[in-house]
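Here's the structure, in structure tokens; my notes come after.
All values reported here derive from a predicted model rather than from experimental measurement. Atoms considered below: every heavy atom in the structure, side chains included; atoms not considered: hydrogens, waters and symmetry mates.
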Amino acid sequence: MTELTDIPALLRSRIRDVADYPEPGVMFKDITPLLADPDAFTALTDALAGIAADTGATKVVGLEARGFILGAPVAVRAGLGFIPVRKAGKLPGATLRQAYDLEYGSAEIEVHAEDLAAGDRVLIVDDVLATGGTAEAAIKLIQRAGAEVCGLAVLMELGFLGGRTRLGQALDGAPLEALLQV
């Protein structure tokens with residue numbers, strides 16, 4: 001197993017840069033090599049599960065789609081329930097829905113209404129924090145369900161896009177933990 005001090009270097013070494021994807025001028029951060037490496041994926045899961053323990057989370061919310069891949073094993077490792085936050089129209093039954101603005105247009109996310117309740121302390125997990133729009137919508141959705149957001153944990157933060165600043169007020173003092181800064 002990798003030493004704790006080597007985790008950021010291990011994670012960074014398993015993230016591949018893909019130039020001009022999905023459009024010219026964008027440098028896409030591909031995490032599939034990290035997911036394919038059992039040591040790196042285990043180190044990532046353990047680090048995020050540690051954040052869940054530190055925040056006193058009782059549930060983990062994963063944001064569609066890569067937040068599912070990261071959040072589900074974190075919930076299992078931490079002994080917590082996992083709640084998927086999906087794009088609108090993907091969940092059957094009663095849902096709570098939250099709209100948010102994108103760079104060009106808008107979108108909506110949903111959660112099953114019965115999955116979150118007062119007294120739940122929720123850690124939101126995702127792969128990347130970019131502009132913060134989806135995370136901000138998830139925070140509002142969780143709060144509308146009556147639960148408390150106890151933190152947001154991401155593999156990497158694209159600091160130049162200002163997501164942390166955008167989320168400051170919405171997080172209301174809850175920590176934002178990024179394992180890597182880009």
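In this structure a side-chain-to-backbone donor-acceptor pair under 3.5 Å is present from R164 to L176. The backbone N or O of A137 sits nowhere less than 3.5 Å from a side-chain atom of Q98 that would complete a donor-acceptor pair. At distances below 3.5 Å, not a single donor-acceptor pair connects side-chain atoms of H112 with backbone N or O atoms of P84. A donor-acceptor contact shorter than 3.5 Å links the side chain of S13 to the backbone of L10.
Scanning both residues, F68 and P73, for their nearest heavy atoms gives O-CD, 4.2 Å. Closest approach of V60 to G71, counting heavy atoms only: CG1-O, 3.7 Å. In terms of heavy-atom proximity, G56 sits nearest to R121 at O-NE, 3.2 Å. Residue D20 comes nearest to G25 through the heavy atom pair OD1-N, 2.8 Å, listed as atom of the first residue, atom of the second, then distance. The shortest non-hydrogen separation linking A135 to L152 is CB-CD2, 4.0 Å. When all heavy atoms of L34 and A40 are compared, the closest pair comes out as O-CB, 3.9 Å.
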(message) Test side-chain contact (heavy atoms from CB on, under 4.5 Å) on L70 and L35; report intermediate values, then the result.
(response) CA-CA 9 Å; L70 303 185; L35 300 174; 4.0 Å; yes
(request) Could you walk me through whether L179 and I51 pass the side-chain contact (heavy atoms from CB on, under 4.5 Å) test, one step at a time? (result) CA-CA 10 Å; L179 300 178; I51 293 169; 4.1 Å; yes
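Under the 4.5 Å side-chain contact rule for hydrophobic residues, I142 and L171 share a cluster. Residues L91 and I69 fall into different hydrophobic clusters, defined by Ile, Leu, Val, Met, Phe, Trp and Tyr side chains chained together at heavy-atom separations under 4.5 Å. The same ILVMFWY cluster, assembled from side-chain heavy atoms under 4.5 Å apart, contains both M156 and F160. With hydrophobic clusters built from ILVMFWY side chains whose heavy atoms lie under 4.5 angstrom apart, I139 shares a cluster with L96.
Using a 4.5 Å heavy-atom threshold, the side chains of L129 and L167 count as touching.
Among residue pairs with one or both ends in residues 167-182, those qualifying as side-chain hydrogen bond (donor to acceptor under 3.5 Å, both in side chains) are E157-Q181; sequence neighbours excluded.
The structure places CD of E64 at 5.0 Å from NZ of K87, a figure rounded to the nearest 0.5 Å. Remark: R14 CZ to L155 CG distance equals 13.0 Å, nearest 0.5 Å. Remark: I15 CD1 to L180 CG distance equals 5.0 Å, nearest 0.5 Å. L141 CG to T95 OG1: the interatomic distance, rounded to the nearest 0.5 Å, is 8.5 Å. From K29, atom NZ reaches atom CG of L158 across 7.5 Å, with rounding to the nearest 0.5 Å. Separation of atoms CG (D30) and CG (D127) is listed at 10.5 Å; rounding is to 0.5 Å.
Evaluation of the side chain to side chain contact (heavy atoms under 4.5 Å, CB included) rule for D120 yields T58, K59, L116, A117, V122, A147 as partners, not counting sequence neighbours.
Within 6.0 Å of CZ in F28 there are more than 12 heavy atoms belonging to other residues, nucleotides or ligands.
Ion pairing of E110 with R86 is absent here, as no side-chain N (NZ or NE/NH1/NH2) approaches a carboxylate O to less than 4.0 Å.
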